[in-house]
Protein chains: 2
Amino acid sequence: MKWVKLMTNRVRRTMPLLPISIVMQLTELTARQIRYYEEHELISPARTEGNKRMFSLNDVDTLLEIKDYLDQGLNMAGIKKIYDLRETPANEKAEPKNLSDAELRRLLHEELKHQARPFEKGGFRQSDLSRFFN
Amino acid sequence: MKWVKLMTNRVRRTMPLLPISIVMQLTELTARQIRYYEEHELISPARTEGNKRMFSLNDVDTLLEIKDYLDQGLNMAGIKKIYDLRETPANEKAEPKNLSDAELRRLLHEELKHQARPFEKGGFRQSDLSRFFN
DNA sequence: AATCAATGTTATGTTTTCTAACACAAAAAT
DNA sequence: ATTTTTGTGTTAGAAAACATAACATTGATT
């Protein structure tokens, strides 16, 4: 029975449970947007035998984050980079082989340009489904 | 922000999120069975605008319980009664107007007949989704 | 033997989702 | 100042998922 407790956390958040319609409601994104983000490999929802997307709670969290980053002026490339870095094991983080310095500088510059933003919309930081699911 | 914390528990378990296909996997019931149980008012899944059933985590829990009760030899009426009693506020529980004594005795008798059962199948008590979703 | 309860199966229609293409406004690059 | 690129909207056509309803089957009850 140990595996139950052990897997519980991972399972419950990675299990593909939600159809796109529900994810749309949960995130207030359009299907078009969600598919576009998948196209850019920001998420990788599972597929049914019939090829319908099925999303996990993790996917929803990620989508909320993406929304947030976009609000902050990041673009696909920037967000992707963030997730790439985040997933990179800390030990080989010192070896960014396939990204030129120029590229990196360019991305950072881009982000900074948008740093100065109007005023906060809601004052209410959205970006984690845990508001609903503990 | 208080409502967030306060509603969290109810929301996360009553929110209609899952299509029937997923519920089938989660419960190992057929669509036919699930619809049959709904027909007998053991569950009341929400509906989309287009009339598709959408289930909550609570619904899934209930279905797992139903499965368990059926295994134990109860029938629809018995299970229904159990849920009716469960939902009845304790104060008016002393007033079971619309059920005749004969009816009640009959139900209990039925349950008892099946009390002596072969041997436990899995030795692993199924009947709460919390194994997966805490 | 006849009935009933729970489930399987099949037929037919509707809703949801898919991909792909074209459109478009705003931002970025030239 | 144009031209390109980005992110998203919209539409069309096809396929998958789901709905209801009817009839079939099987094991238990009467």
Legend entry - Interatomic distance, K80(A) NZ vs dT6(D) P [rounded to whole Å]: 14 Å

Legend entry - Residue T48(A), side-chain atoms from C-beta onward, closest of dA17(D), dA6(C), dC18(C): dA17(D)

Legend entry - Whole-Å distance separating the CD atom of E39(A) from the P atom of dT6(D): 12 Å

Legend entry - Protein-nucleotide distance (I22(B), atom CD1; dA17(D), atom C1'), rounded to Å: 12 Å

Inset, instruction - Looking only at non-hydrogen atoms, find the nearest pair between P16(A) and M54(A) and report the distance. - result: CB-O, 3.6 Å

Inset, instruction - Could you check how far CG of N51(B) sits from P of dA19(D), rounded to whole Å? - result: 7 Å

Polar-atom pairs under 3.5 Å, protein N or O versus N or O of nucleotides 7-12 of chain C: list them with distances, or write none.
{"from": "dT7(C)", "atom 1": "OP1", "to": "Q33(B)", "atom 2": "NE2", "distance (Å)": "3.1"}
{"from": "dT7(C)", "atom 1": "OP1", "to": "Y37(B)", "atom 2": "OH", "distance (Å)": "3.0"}
{"from": "dT7(C)", "atom 1": "OP2", "to": "Y37(B)", "atom 2": "OH", "distance (Å)": "2.8"}
{"from": "dT7(C)", "atom 1": "O4", "to": "R32(B)", "atom 2": "NH2", "distance (Å)": "3.0"}
{"from": "dG8(C)", "atom 1": "OP2", "to": "T30(B)", "atom 2": "OG1", "distance (Å)": "2.7"}
{"from": "dG8(C)", "atom 1": "N7", "to": "R32(B)", "atom 2": "NE", "distance (Å)": "3.3"}
{"from": "dG8(C)", "atom 1": "O6", "to": "R32(B)", "atom 2": "NE", "distance (Å)": "3.3"}
{"from": "dG8(C)", "atom 1": "O6", "to": "R32(B)", "atom 2": "NH2", "distance (Å)": "2.8"}
{"from": "dT9(C)", "atom 1": "O4", "to": "R32(B)", "atom 2": "NE", "distance (Å)": "3.4"}

Inset, instruction - List in chain and number order the residues that pass side-chain hydrogen bond (donor to acceptor under 3.5 Å, both in side chains) with S56(B), two or more places apart in sequence or in another chain; answer none if no residue qualifies. - result: D59(B)

Inset, instruction - May I ask you to say what R53(B) touches in the nucleic acid, namely base, sugar-phosphate or nothing, with a heavy-atom cut-off under 4.0 Å? - result: sugar-phosphate

Legend entry - Verdict with reasoning, K81(B) to E41(B), per salt bridge (charged side-chain N to carboxylate O under 4.0 Å, His left out): CA-CA 11 Å; K81(B) 196 75 60 186; E41(B) 304 180 274; over 6 Å; no

Legend entry - Residue among I43(A), L17(A), T27(A), I22(A) satisfying side-chain contact (heavy atoms from CB on, under 4.5 Å) with F55(A): I43(A)

Inset, instruction - Send over the distance from R47(B) CZ to dT15(C) P, rounded to a whole Å. - result: 13 Å

Inset, instruction - Nearest-nucleotide wise, let me know which of E49(B) and H40(B) is further upstream toward the 5' end of DNA chain C. - result: H40(B)

Inset, instruction - Check the distance between dC18(D)'s P and K52(A)'s NZ and give it to me in whole angstrom. - result: 10 Å

Legend entry - Distance, rounded to the nearest Å, where R35(A) contributes CZ and dT10(D) contributes P: 14 Å

Inset, instruction - Check the pair K80(B), E39(B) against salt bridge (charged side-chain N to carboxylate O under 4.0 Å, His left out), reporting the backbone distance first and the verdict last. - result: CA-CA 11 Å; K80(B) 183 74 196 304; E39(B) 203 175 320; over 6 Å; no

Inset, instruction - Decide yes or no for L70(B) and Y37(B): does some side-chain heavy atom of the first lie under 4.5 Å from some side-chain heavy atom of the second? - result: yes

Inset, instruction - Give the minimum heavy-atom separation between L42(B) and T62(B), together with the two atoms involved. - result: O-CG2, 3.7 Å

Inset, instruction - Using whole Å, report how far CG of L42(B) lies from C1' of dA6(C). - result: 12 Å

